[in-house]
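For reference, the structure discussed in these notes is given below.
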Number of protein chains: 2
Amino acid sequence: MSAIQANLEASSERYSATFTKGHLALPPAKKYLVLTCMDARIDPAAAFGIELGDAHVIRNAGASAVDALRSIIISEQLLGTNEILLVKHTGCGMLTFTNADAYALVEQRLGAEASAELKAKNLDFLAFPDLEEAVRKDVEFLKASRLVPGEVTISGWVYEVETGKTRRVV
Amino acid sequence: MSAIQANLEASSERYSATFTKGHLALPPAKKYLVLTCMDARIDPAAAFGIELGDAHVIRNAGASAVDALRSIIISEQLLGTNEILLVKHTGCGMLTFTNADAYALVEQRLGAEASAELKAKNLDFLAFPDLEEAVRKDVEFLKASRLVPGEVTISGWVYEVETGKTRRVV
């Protein structure tokens, strides 16, 4: 067992020993979802005030709304959420590279067969050069999609990894 | 401002007032990533023992590895992680519907234009009928992909929303 796996097992023993929330229902109690980045420096529950059971939390590289669309449709249409908080953050890795960089890196590090697999998927890494513009664009993407109905409330934010503060952009 | 937005602002004020982790680096300190579900009943940091700055956390509907591949490649190739903990959970919404159900629901609730947009995207909702089998299949998918190099350690787990406990599957 790896040290990381051992940490999960030990943490789970501790967490479950005092766990009292086994009664929570599947649909989020407060009917909202948070879409944020996978970045290791973000703790959504603590930083954004999410109580267990209250909200879906979707996380991917860059808090991409395009990437999250499948999960968002399921959250809203099958599980009844009707508000989206989209939170990108300062110092995001997605500000530091382009698709061409990522494709070149995969070829260099993983070889020709991995590179061919990546090209066959035509994967878009969805990096962005400007943080606040990316927040606005993602909010616009969600508002423009017919798959996100007009009655869903959508706001866009930036979390500052330097200060722990979240400020509204749109 | 909605009540949900007001909660984020108030929580952010409280969190940032005592925040002391502004020095953390972009790459995860413990070089691992956790892939789990967006489900509201999961608090990965608490349940899986993840300290701020230690690990990427990717979350989507069902903890789908297929859906998470873009983020996983970025995590490993650009930000240096080399271990994956994949954690699905009991009571997952993804056990309760099929693609046909979701397509019918979108047409019924959002109308013909939304349905046409969904069909144009040919979106796979990636639901699954058996929990542990889905964990195994996703681990196999990652191990089989040339985009996830062989030296990456991958394990699969189930979090029990009833008990707060996480047990290993593969």
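Below, chains carry the letters A, B, ... as their sequence lines are ordered, and counting in each starts from 1.
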### Task
Classify the ring geometry between A/Tyr159 and B/Phe19 as parallel (under 30°), tilted (30 to 60°) or perpendicular (over 60°).
perpendicular

Examine distances only and state if a side-chain atom of [X] and a backbone atom of [Y] form a donor-acceptor pair shorter than 3.5 Å.
| X | Y | answer |
| --- | --- | --- |
| B/Arg109 | A/Gln77 | yes |
| B/Asn60 | A/Asn60 | no |
| A/Arg146 | B/Leu110 | no |

### Task
Tell me, for A/Ser145 versus chain B, whether the close heavy atoms (under 4.5 Å) come from the side chain, the backbone, both or neither.
both

### Query
What part of A/Tyr32 lies closer than 4.5 angstrom to a heavy atom of chain B: side chain, backbone, both or neither?
side chain

When [options] are compared by non-hydrogen pairs under 4.5 Å with chain B, the top option:
| options | value |
| --- | --- |
| A/Leu126, A/Ile42, A/Thr153 | A/Leu126 |
| A/Ser2, A/Ala127, A/Ala17 | A/Ser2 |
| A/Gly49, A/Ala61, A/Pro149 | A/Ala61 |
| A/Glu162, A/His23, A/Arg14, A/Arg41 | A/Arg41 |
| A/Ser155, A/Ser16, A/Gly22, A/Ala116 | A/Ser16 |

### Message
Just so I understand: if I count every heavy-atom pair under 4.5 Å between each of B/Leu85, B/Leu26, B/Ile50 and chain A, which residue has the most?
### Response
B/Leu26

What part of [X] lies closer than 4.5 angstrom to a heavy atom of chain A: side chain, backbone, both or neither?
| X | result |
| --- | --- |
| B/Ala45 | side chain |
| B/Asp54 | backbone |
| B/Lys31 | neither |
| B/Ala25 | backbone |
| B/Ser75 | both |
| B/Leu33 | neither |
| B/Thr163 | backbone |
| B/Val161 | backbone |
| B/Leu8 | both |
| B/Asp67 | both |
| B/Glu83 | side chain |
| B/Thr18 | neither |

## Note on the structure
Between B/Ser11 and A/Phe48 the two heavy atoms that sit nearest each other are CB-C, 3.7 Å

Close side-chain approach of [X] and [Y], heavy atoms under 4.5 Å:
| X | Y | answer |
| --- | --- | --- |
| B/Leu123 | A/Ile73 | yes |
| B/Arg70 | A/Asp124 | no |
| B/Thr166 | A/Glu9 | no |

### Message
Looking at A/Gln5, I want to see if its CD is surrounded by more than 12 non-hydrogen atoms of other residues, nucleotides or ligands under 6.0 Å.
### Response
yes

### Query
Is A/Lys165 paired with B/Glu13 through a side-chain N to carboxylate O contact shorter than 4.0 Å?
yes

### Query
Taking only heavy atoms into account, what residues of residues 129-144 of chain B are found under 4.5 Å from chain A?
none

## Note on the structure
Exactly one candidate in A/Met38, A/Arg59, A/His56 meets side-chain contact (heavy atoms from CB on, under 4.5 Å) with B/Arg59; the answer is A/Arg59

### Task
Measure the spacing between CG of B/Leu105 and CD of A/Glu76 and express it to the nearest 0.5 Å.
12.0 Å

